[in-house]
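These values consider heavy atoms only, across backbone and side chains, with no hydrogens, waters or symmetry-generated copies. Index from 1, following the sequence.
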Amino acid sequence: MARAVKFDRYGGIDELQVVEVPTPTAGPGQVVVAVVAAGINPGEAAIRSGAFHDRWPSTFPSGEGTDFAGRVVELGAEVGGIEVGDEVLGFTDERASHATHVVVPFAQVTPKPAGLDWDVAGALYVAGTTAFAAIRAVEANAGDTVVVSGAAGGVGSIAVQLLRVRGAEVIGIASAANHDWLRKVGATPVAYGDGLIDRLRAAAPDGVDAFIDTFGADYVDIAVELGVPVERIDTIINFAAVEKYGVKADGNAAAGTIDVLTELADLAAAGTVEVPIAGVYPLDKVQDAYRELEHRHTRGKIVLHP
């Protein structure tokens, strides 16, 4: 038997339980991976609470988790270019990676670079591809000044660094505790809270070209007030602002491909992009992992170890 995180109804963190389930088997074109590390994401918390029921409804009992890294333990028919024992990272579309084993189409895994940390590999897909999509959506290029809200979070921390790789000037909105890290990766930190617009104008006296909102709240309103063109504002969370202003909402679904994940894995393995790991929890402590996540003040990613 395998073990997996499940919930039987919408609700709070206490709904999450670790239960025994049949070990998955590989059908044609599939592989089974023994999971070494699996990232957790704010969207999963919103799905579990029922906040995204209209957009992404759950069928109960529901599993959860998209990101993972691990070792291939079984191959289905019609699988090529991969062997049992290979170290891989990848993604599942079945809300199933918070488990000891996951079965996926073999096209949804890519070799884990030898120098890539397991925890980073297991937490890279959702946050990394979301950051990639947001940057592409706002057409950020060398010389642009781009503001990122939630700049030290899972998506924000990667977005900041990918923007710097492109040659953009980055202003990162974050708590004071994360300012030194933002400076280290080449961003200008700005504290959130009262007076933010004045601080952003001071940090960007020539104006802001693009804005990426990874946090929600009123950041899209702030971007509009700063005069950022709506076509160069992207939010990954504030869907009401998308309706209100016509800003973009490109996220994981817009760039969630194995090719993008492979590119991100290579950048992380080379040290070009750092993925901070805020915490690591055993699978049995999944509730504690989500309690930390839902404080919304972590730097980088939180990871489960099945």
Side-chain angles (χ1 to χ4, degrees), residues 1-41 43-50 56-80 82-112 117-126 258 261 277 279-294 301-306:
M1 298 288 285
R3 300 171 72 239
V5 176
K6 298 283 187 180
F7 60 99
D8 292 327
R9 59 186 178 183
Y10 293 130
I13 291 169
D14 291 346
E15 297 298 332
L16 297 176
Q17 303 296 327
V18 180
V19 300
E20 287 194 343
V21 296
T23 302
T25 58
Q30 295 180 323
V31 296
V32 176
V33 177
V35 179
V36 173
I40 70 173
N41 298 285
E44 292 152 3
I47 287 171
R48 185 209 66 238
S49 74
W56 297 301
S58 293
T59 300
F60 301 114
S62 177
E64 67 170 20
T66 300
D67 305 333
F68 67 87
R71 297 180 178 89
V72 176
V73 294
E74 184 185 343
L75 306 176
E78 303 170 14
V79 172
I82 191 169
E83 301 292 341
V84 169
D86 283 358
E87 297 180 348
V88 298
L89 66 155
F91 62 94
T92 171
D93 296 321
E94 304 299 328
R95 300 181 186 172
S97 69
H98 296 169
T100 57
H101 297 77
V102 62
V103 58
V104 295
F106 80 97
Q108 290 178 202
V109 297
T110 188
K112 183 180 81 68
D117 178 82
W118 277 110
D119 292 336
V120 172
L124 191 56
Y125 173 72
V126 169
I258 202 64
L261 180 60
I277 301 299
V280 177
Y281 292 82
L283 194 66
D284 286 332
K285 298 295 184 181
V286 62
Q287 293 184 4
D288 292 339
Y290 274 94
R291 287 190 184 95
E292 180 176 352
L293 177 80
E294 292 179 35
K301 297 292 297 177
I302 297 173
V303 178
L304 296 174
H305 278 187

Test item: [X] side-chain N/O and [Y] main-chain N/O as donor-acceptor pair under 3.5 Å:
X: T23; Y: A2; value: yes
X: Q17; Y: F7; value: no
X: Q108; Y: F91; value: yes
X: D288; Y: K285; value: no
X: R48; Y: G12; value: yes

- Task: Could you tell me which residues satisfy side-chain hydrogen bond (donor to acceptor under 3.5 Å, both in side chains) with S58, sequence neighbours excluded, listed by chain and number?
- Result: R95

- Where at least one partner belongs to residues 3-13, residue pairs that pass salt bridge (charged side-chain N to carboxylate O under 4.0 Å, His left out), sequence neighbours excluded: R3-D284, R9-E15

Testing the basics here: between [X] and [Y], what is the closest heavy-atom pair and its distance to 0.1 Å?
X: G65; Y: S97; answer: C-OG, 2.9 Å
X: A46; Y: S49; answer: O-OG, 2.9 Å
X: A123; Y: V303; answer: CB-CG2, 3.9 Å

Under 3.5 Å, which donor-acceptor pairs link side chains of residues 26-41 to any protein atom two or more places apart or in another chain?
residue: Q30; atom: OE1; partner: G27; partner atom: N; Å: 2.7
residue: N41; atom: OD1; partner: K301; partner atom: NZ; Å: 2.5
residue: N41; atom: ND2; partner: E44; partner atom: OE2; Å: 3.1
residue: N41; atom: ND2; partner: D67; partner atom: OD2; Å: 3.3

- Which value, rounded to the nearest 0.5 Å, describes the distance between L89 atom CG and L261 atom CG? 4.5 Å

- Give, for atom CD1 of I13 and atom CG of L293, the distance between the pair rounded to the nearest 0.5 Å. 8.5 Å

- Message: With a 4.0 Å cut-off on N to O distance, would you call K112 and D117 a salt bridge?
- Response: no

- Quick one: does T66's side chain get under 4.5 Å of Y125's, heavy atoms only? yes

